[in-house]
Amino acid sequence: LPQANLADAYPVTALQQGMLFHCQMDPHSAMYHDVFSFELGFAPEVPFERELLIQAITRVVAANPALRTGFDLHSFAEPLQLVYANVTPLIDCIDLSQQDEAAQAASVEACILRLKQSGFDLQGPSLIRFTLLQKAAQTVHLIIDAHHAILDGWSMATLQRQIFEFYRHLQQGDALA
């Protein structure tokens, strides 16, 4: 592999190639840019710990090669999906706790719009981003935006489950996390 941080490379699937072609033809299109938005309420008896959620996301990205993927469509005999060995997830934390409910809702919508318009560098090393909007001590709005070539809607439930399983293990001080 040409770069020191690459763990593996695979041929791009026909479906991925079609998505990537359309992205190159219209780089400003959000057709294959998926944004998932979740309001998370944590039980009062178990305080929300932002740093643990960040650690859980980091571990999930490290455990899933698809979340550490970029694409090289031109340097090789065929287009390749490049899996990077080490990726620091893109996690943005925004405090909305001083805003009223209407301002928080507007901030969440503005964030989603900004993410949808920002697009991705298809070469990676990661085509997924996480945004944590802290609305109150026990309420967080989690936005996950990803390129459809690495994560589809069906996989989102698995990604969520993994994040919150890691989070729970970390909260409990479980060495398996």
Side-chain angles (χ1 to χ4, degrees), residues 5-10 12-13 15-16 19 30 32-71 81-97 101 104-105 107-109 111-112 114-116 118-177:
N5 189 30
L6 290 181
D8 215 336
Y10 306 97
V12 171
T13 68
L15 184 59
Q16 287 172 321
M19 286 185 235
Y32 294 110
H33 185 161
D34 299 328
V35 179
F36 302 92
S37 177
F38 311 97
E39 176 111 347
L40 309 173
F42 293 85
E45 61 274 7
V46 183
F48 168 67
E49 297 176 70
R50 183 179 67 187
E51 288 307 313
L52 292 185
L53 186 55
I54 290 169
Q55 288 177 38
I57 290 168
T58 301
R59 290 179 185 217
V60 169
V61 169
N64 289 283
L67 304 181
R68 296 180 279 113
T69 293
F71 297 92
Q81 177 174 329
L82 304 176
V83 179
Y84 292 86
N86 299 301
V87 171
T88 301
L90 301 171
I91 304 172
D92 193 14
C93 298
I94 302 168
D95 185 3
L96 304 178
S97 63
E101 194 173 314
Q104 287 179 347
S107 293
V108 168
E109 289 304 314
C111 182
I112 291 170
R114 178 182 52 81
L115 291 168
K116 195 77 167 166
S118 64
F120 290 99
D121 176 1
L122 295 177
Q123 292 185 351
S126 181
L127 301 177
I128 187 168
R129 294 180 291 237
F130 303 85
T131 305
L132 305 174
L133 300 118
Q134 185 89 37
K135 295 174 92 175
Q138 296 297 98
T139 308
V140 177
H141 202 99
L142 172 63
I143 300 171
I144 302 172
D145 68 306
H147 195 286
H148 196 78
I150 65 150
L151 183 72
D152 62 12
W154 290 102
S155 302
M156 182 51 60
T158 301
L159 177 64
Q160 285 179 284
R161 181 184 49 77
Q162 289 178 351
I163 289 171
F164 291 107
E165 282 179 358
F166 273 115
Y167 179 79
R168 183 176 45 82
H169 284 293
L170 288 165
Q171 257 192 336
Q172 296 171 350
D174 190 340
L176 297 175

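Heavy atoms only: backbone and side chains are in, while hydrogens, waters and symmetry mates are out.
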Quiz item: Where do Q104 and L96 come nearest, in terms of heavy atoms and distance?
Solution: NE2-O, 3.0 Å

Quiz item: Would a 4.5 Å heavy-atom cut-off, applied to side chains only, mark L67 and L159 as touching?
Solution: yes

Quiz prompt | Heavy-atom pair with the smallest gap, counting every atom of H147 and F120 | solution = N-CE1, 3.6 Å

Quiz item: Between atom CD1 of I144 and atom CG of L132, what is the distance when rounded to the nearest 0.5 Å?
Solution: 9.0 Å

Quiz item: Any side-chain heavy atom of C93 within less than 4.5 Å of one from Q134?
Solution: no

Self-check item: Taking every non-hydrogen atom, the tightest pair across R129 and S118
Solution: NH2-OG, 2.9 Å

Self-check item: Value rounded to 0.5 Å, distance of CG in D145 from CG in L127
Solution: 10.5 Å

Quiz item: What closest approach, in Å, do Q81 and V12 show between heavy atoms, and which atom pair accounts for it?
Solution: N-CG2, 3.6 Å

Practice problem: Starting at CD1 of I163, measure out to CD1 of I54 and round the result to the nearest 0.5 Å. | Solution: 12.0 Å

Quiz item: Just wondering, are more than 12 heavy atoms of other shown residues or ligands nearer than 6.0 Å to CZ in R50?
Solution: no

Quiz prompt | Closest contact, heavy atoms only, H33 versus L115 | solution = CE1-O, 2.8 Å

Quiz prompt | Min side-chain heavy-atom separation T69-Y10 under 4.5 Å | solution = no

Quiz item: With a 4.5 Å heavy-atom cut-off, do Y167 and I57 have their side chains touching?
Solution: no

Quiz item: Between atom CG of L90 and atom CZ of F130, what is the distance when rounded to the nearest 0.5 Å?
Solution: 9.0 Å

Quiz prompt | Pairwise distance CZ(F36) to CD(Q160) - rounded to 0.5 angstrom | solution = 9.0 Å

Exercise. State the CG-OG distance between L133 and S107, to the nearest 0.5 angstrom.
Key: 8.0 Å

